[in-house]
Amino acid sequence: MKSKQLELFVGLFIVLGFASLAYLAIQVSGLGSIGKGDVYQIQARFEDIGGLTERAKVSVSGVTIGEVESIVLDKELYMALVTLNINTDMAVIPVDSAAAILTNGLLGEKYIGISIGAEEEYLKNGDEITDTQSALVLETLISQFLFESTSGDDE
Amino acid sequence: MTFVQNIGAITLDWLISVGRSGLFIVQSILHKPKSLRVATQLFIKQLYSVGVLSLVIIMVSGLFIGMVLALQGYTILVKFGSEQAVGQLLALTLLRELSPVVAALLFAGRACSALTAEIGLMKATEQLSSLEMMGVDPYRRIIAPRFLAGLVCLPILSLVFSTVGVLGGEFVAVDWLGIHGGSFWSLMQQSVYFSTDVVNGVIKAFCFAIATTWIAVYQGYECEPTSEGISRATTRTVVLGSLSILALDFILTAAMFGDF
Amino acid sequence: MSNYFVDIKNMSFYRGDRAIYDDISIQIPRGKITVIMGPSGTGKTTLLRLIGGQLKPDSGDIFLDGKNVPLLNRKDLYAVRKKIGMLFQSGALFTDINVFDNVAFPLREHTDFSESIIRDIVLMKLQSVGLRGAAQLMPSELSGGMARRAALARAFALDPELVMYDEPFAGQDPISMGVVVSLIKRLNQSVGMTSVLVSHDVAESLSIADYAYILSEGQVVAKGTPEEIKKSTDERVVQFLGGLPDGPVPFHFDAPDYQQHMNMYPNKKGALV
């Protein structure tokens, strides 16, 4: 085989490798949609985070705008302190917005949904969302339901 | 006593061959190439015979494995009403496990066996001896380009395998079984992380490449220079290569994805 | 400078427990053709590998152009080997490149010559073995004799100081044998290189040799010019030169008495005990 032809095939092979890598990065892992680069951080304290994990999505109206950076226990308040990375181009979250831990479908992943408030002042790097709603834990829900139905019988 | 002695002798033999193969590969790759141009040419030639020639079998296998995974995943997930998650299942299985492992097993069967046979034949026809007598180091000339080409090719082949597998799975899940394309991709993108899943898959493939190519060139170089010797060495390459891939896979998976 | 290009002193080499060479001394004079003969299985090829440093003797010294080969490190060994050309029994041409590239191989590897100079040298070497027209053929397209000649051209490519021939006449038809014999003689005379020939073809070897050794069972049994060898009265030499089946070199491999053996019963594995 001619050496030029051989080099051409090897070149194609290597390009194919890089194309695959790009495809897996952008289309399969969705690396293009969340830029890791420009983010700012806001915090939120929750009573109970349920099964929320680091790198879970943060979304507004179902559109992903960031991800969970870290989860630690606040030792003074005994609450979970969650730090969120929000894309800089989404720096338009009003200060009175609320954060809730939601579930994607019945058995799906936990994520944080932000309901937009009415203020005209926006959250900045290091600010905290004060209005939070903890994860709905299925066991708690069921026991609440049972308790309410029995107390209803008493009335 | 003889039994114990036998075990001792076998262990010693084994340790010696491990040590010898280690020195062999270190001596091979620690050479400074005499001429960068010649070294590059040799390397490219090996990239062709090790990588490009393995591409077809890798792509066809990847396509079918992706399609089968989508089909199997769908039949189970549809019972729970979460058939959209088939993309997630497909991508994670391929990236974390199947691509590196299956690509490496195919690589051991296709490329590594050919390497052993080629080097063994060179030994049997005195080509290696004649290189040595010409003052050309066969480690540098024959072994190093083949070993390094293996290290480069298998990660690329594994990436191609994943891509073709995802495309095949998408064809079955979205075009054929009618899962909504948007949720197929978005669920996949939510659960797949580039830094862990894709990168770890490539690291796995690289580790498998070291093991299988090392075994292949060593078996070829050390084989008995007869027809039976070459065929035995080729078989050993495939068997030892496959076993080491599977054993390494367990260790690597535990280290990468296990929470301990 | 010593008169001997290769000087083997009191060298012993064992394969397992079997002594291939037992305290052997061989001198190969500079600029001459030395033939080393002996029955099959006396390790003649092994001797060439020992000189080339591919094998290490168990004891003794092998001086090659004043350097003790077994003691050289890998780098020096490869440097010394550039002075050596070797013709292997099978030719050992590289099967993945054509005849031209085979002959050009040592030149490209060890010199900085430009491609046009290399081309001239290669065509010259191929012309001298009569294969200039076969330059573009692959080794698989050559007959055995042609492959041997192409390999010869490759062994000469760098104009080495020492050329070692491993059974150059084995398996050749009479015509190509004659060609190879005259080639070796001519090349040796024209360039003045040292040649070592290992062979069991008595007539051809002695016809071109300046000096000859006959080996048997790890020992030198005769040495000298071809005339001296032919005049030797040593039983082993007479047997070897005359090709006689009976003599001190046994035709039969070690076995029990024939008559007794025939009356034995085979064991389970079929071997006679």
Worksheet item: Got a salt bridge between B/Glu126 and C/Arg49, using NZ or NE/NH1/NH2 to carboxylate O under 4.0 Å?
Response: yes
Worksheet item: How far apart are the C-alpha atoms of C/Arg81 and B/Glu132, what are their side-chain angles, what is the distance that settles it, and do they pass the side-chain contact (heavy atoms from CB on, under 4.5 Å) test?
Response: CA-CA 8 Å; C/Arg81 281 178 184 160; B/Glu132 278 187 22; 3.7 Å; yes
Item to complete: Look up atom OH in C/Tyr78 and atom CZ in B/Arg140, then write down how far apart they are to the nearest 0.5 Å.
Response: 9.0 Å
Worksheet entry | More than 12 heavy atoms of other groups within 6.0 Å of C/Asp112 CG | no
Worksheet item: Taking the six-membered ring of B/Tyr139, is NZ or CZ of C/Arg74 closer than 6.0 Å to its centre and within 45° of its axis?
Response: yes
Practice prompt. Assess whether atom NZ of C/Lys9 is packed by more than 12 heavy atoms of other residues, nucleotides or ligands within 6.0 Å.
Written response: no
Item to complete: Output the option from B/Leu128, B/Leu131, B/Val136 having the highest count of non-hydrogen pairs under 4.5 Å with chain C.
Response: B/Val136
Fill in: Proximity breakdown for B/Ser130 and chain C, heavy-atom pairs closer than 4.5 Å
both
Discussion item. Does atom CZ (C/Arg119) have a neighbourhood of more than 12 heavy atoms from anything else shown, all under 6.0 Å?
Written reply: no
Worksheet item: Of the backbone (N, CA, C, O) and the side chain (C-beta and beyond), which part of C/Leu93 lies under 4.5 Å from a heavy atom of chain B, both, or neither?
Response: backbone
Fill in: Full working for side-chain contact (heavy atoms from CB on, under 4.5 Å) between C/Phe88 and B/Gln127
CA-CA 9 Å; C/Phe88 282 83; B/Gln127 291 183 48; over 6 Å; no
Worksheet item: Quick one: CE on B/Met134 to CE on C/Met86, what's the gap to the nearest 0.5 Å?
Response: 11.0 Å
Item to complete: For atom NZ of C/Lys82, decide whether the heavy atoms of other residues, nucleotides or ligands shown that lie under 6.0 angstrom number more than 12.
Response: yes
Worksheet item: Counting heavy atoms not belonging to C/Arg132, are there more than 12 under 6.0 Å from its CZ?
Response: no
Worksheet item: Are B/Lys45 and C/Asp96 close enough, and set up right, to give a side-chain contact (heavy atoms from CB on, under 4.5 Å), and what steps lead you there?
Response: CA-CA 11 Å; B/Lys45 203 168 170 188; C/Asp96 56 339; 3.7 Å; yes
Item to complete: Report the option among C/Lys83, C/Met164, C/Arg154 that has the most heavy-atom pairs separated by less than 4.5 Å from atoms of chain B.
Response: C/Arg154
Worksheet item: CE of B/Met122 to OG1 of C/Thr95: how many Å apart, nearest 0.5 Å?
Response: 6.0 Å
Discussion item. Could you check whether any side-chain N or O of C/Gln54 sits under 3.5 Å from a backbone N or O of B/Ser129, counting only pairs where one atom can act as donor and the other as acceptor?
Written reply: yes
